[in-house]
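Notes for the one structure printed next.
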2 protein chains.
Amino acid sequence: MNTKMELLKKGLLKKGIRPTYIRLKVLDYLETNRNHPTAEAIYKSLVKEIPTISRTSVYNTLNFFHEKELINILFITGIEARFDSNISPHHHFLCGKCGRIIDLDIECNYFKKGNIRGHRIIELHGYFKGICKDCLKEGK
Amino acid sequence: MNTKMELLKKGLLKKGIRPTYIRLKVLDYLETNRNHPTAEAIYKSLVKEIPTISRTSVYNTLNFFHEKELINILFITGIEARFDSNISPHHHFLCGKCGRIIDLDIECNYFKKGNIRGHRIIELHGYFKGICKDCLKEGK
DNA sequence: ATTATTAATTGTAATGAATACAAAAATGGA
DNA sequence: TCCATTTTTGTATTCATTACAATTAATAAT
Ligand SMILES: [Mn+2]
Ligand SMILES: [Mn+2]
Ligand SMILES: [Zn+2]
Ligand SMILES: [Zn+2]
């Protein structure tokens with residue numbers, strides 16, 4: 001049988017990435033928590049199970065994953081980076097009230113890799129800021 | 001006759017903003033330098049003419065302008081904010097080689113204020129990362 | 001299995017953009 | 001001029017992120 005961790009391990013090996021314990025745990029966290037967490041949130045969660053883990057390892061691992069194009073890094077809040085294991089092109093919405101970053105599946109013609117005006121596109125980022133549906137309802 | 005500064009002053013007054021010397025100089029810099037400068041770049045330039053100016057004043061003024069919807073703040077590099085006095089909706093391109101942020105005038109259907117999926121949109125941000133046309137040519 | 005080599009992880013110090021805050025200066029009205 | 005309010009300044013602080021050397025773990029060679 002294939003446990004969740006076995007599958008993650010296979011996925012990393014297929015990309016030529018050594019499936020170390022920390023890498024597996026960070027990736028597992030990102031796959032399970034698709035709410036664009038901060039590095040600190042990931043650290044805070046993992047340190048409960050791995051008391052020896054360091055913040056530096058979390059940062060190292062996240063940057064490493066980004067280099068290997070396994071995750072996206074979102075600079076939206078202006079305060080801290082947010083991490084996203086969903087690498088399929090999609091837009092985001094940052095709510096100024098509750099602070100959530102919500103996925104938006106809008107089909108935008110310009111939102112694909114390739115070339116634009118002669119520039120080679122490697123990363124795509126589209127996001128909106130405002131007040132989310134829930135916060136509008138509750139009149140927070 | 002209307003000097004450039006007189007026009008900037010009138011623009012601020014029309015928006016109910018006191019046209020102080022520093023505000024006029026910061027705005028003048030942004031209007032003249034439409035290359036999305038950092039706060040530090042603005043400070044470095046202004047301090048040559050206004051030796052007593054402080055970094056804090058530059059930051060205060062820029063944030064104040066943003067609150068008054070006079071400028072946009074771009075969080076693209078992940079290192080530092082970039083400021084844009086062009087508030088008409090437009091996309092950006094960040095070159096990973098030369099570091100420039102280039103304006104892109106692409107007409108995107110989703111790039112307008114209003115509501116999307118029930119969320120109220122206040123700010124629009126669309127940008128791409130990659131290698132710019134010039135850097136591709138020079139094979140930097 | 002033991003050793004050597006390489007890679008990953010850790011802990012601490014440092015960086016640097018941005019903010020907090022209180023004092024000083026400037027502004028505008030009475 | 002006097003007073004109240006706003007703006008600007010200088011300094012200290014915050015805090016996310018990185019730098020870096022030491023330690024540990026994993027892999028390859030003997
Ligand atoms: Mn997402
Ligand atoms: Mn622009
Ligand atoms: Zn919300
Ligand atoms: Zn370039």
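We name chains A, B, ... by the order of the sequence lines, and we start the count at 1 in each one.
Between A:H125 and B:H125, the ring centre distance reaches or exceeds 6.0 Å. Taking the centre of each ring, B:Y110 and A:H91 stay at or above the 6.0 Å mark.
Of the two residues near DNA chain C, A:F64 and A:P51, the one whose nearest nucleotide lies more 5' is A:F64.
Rounding to whole angstrom units, CG of residue A:L24 and P of D:dA26 are separated by 12 Å. Rounded to whole angstrom, the span from the CZ atom of A:R23 across to the P atom of C:dT10 amounts to 12 Å. What separates CG of B:L62 from C1' of D:dT7 is a distance of 15 Å, to the nearest Å. B:I42 places its CD1 atom 15 Å from the P atom of D:dT8, with the value rounded to the nearest Å. Atoms CD1 (B:I53) and P (D:dT7) sit 15 Å apart, rounded to a whole Å. Distance, B:I17 CD1 to D:dT8 P: 12 Å, rounded to whole Å. Going from atom CG of A:L46 over to atom C1' of C:dT10 covers 15 Å, rounded to whole Å.
With 3.5 Å as the limit, one finds a donor-acceptor pair spanning the side chains of A:H90 and A:D103. In the model, A:H119 has no side-chain atom that pairs as donor or acceptor with a side-chain atom of B:D134 under 3.5 Å.
Side chain of A:R82 to backbone of A:I73: no donor-acceptor contact under 3.5 angstrom is found. A distance-only check finds no donor-acceptor pair linking the side chain of A:S57 to the backbone of A:I53 [under 3.5 Å].
The shortest distance between the side-chain N/O atoms of B:S54 and the OP1/OP2 oxygens of D:dT9 is below 4.0 Å.
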Going 5' to 3' along nucleotides 23-30 of chain C, which nucleotides have protein heavy atoms under 4.0 Å from the base (write B), which only from the sugar-phosphate (write S), and which from neither (write -)? --------

Using the 3.5 Å cut-off, write out each protein N or O paired with an N or O of nucleotides 15-19 of chain D and the distance between them.
| residue | atom | partner | partner atom | Å |
| --- | --- | --- | --- | --- |
| D:dT17 | OP1 | A:A81 | N | 2.7 |
| D:dT17 | OP2 | A:Y59 | OH | 2.7 |
| D:dT18 | OP2 | A:N63 | ND2 | 3.3 |
| D:dA19 | N6 | A:T56 | OG1 | 3.4 |

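Between B:R55 and B:E40 there is a salt bridge, since at least one side-chain N of the basic residue sits less than 4.0 Å from a carboxylate O of the acidic one.
Relative to the ring axis of B:F65, B:R23 does not place its NZ or CZ within 45° and under 6.0 Å from the centre. Relative to the six-membered ring of A:F93, B:R117 misses at least one condition, a distance below 6.0 Å or an angle of at most 45° to the axis.
Proximity note for A:N60 (side chain, C-beta onward) versus D:dT7, C:dT9, D:dT9: the nearest is C:dT9.
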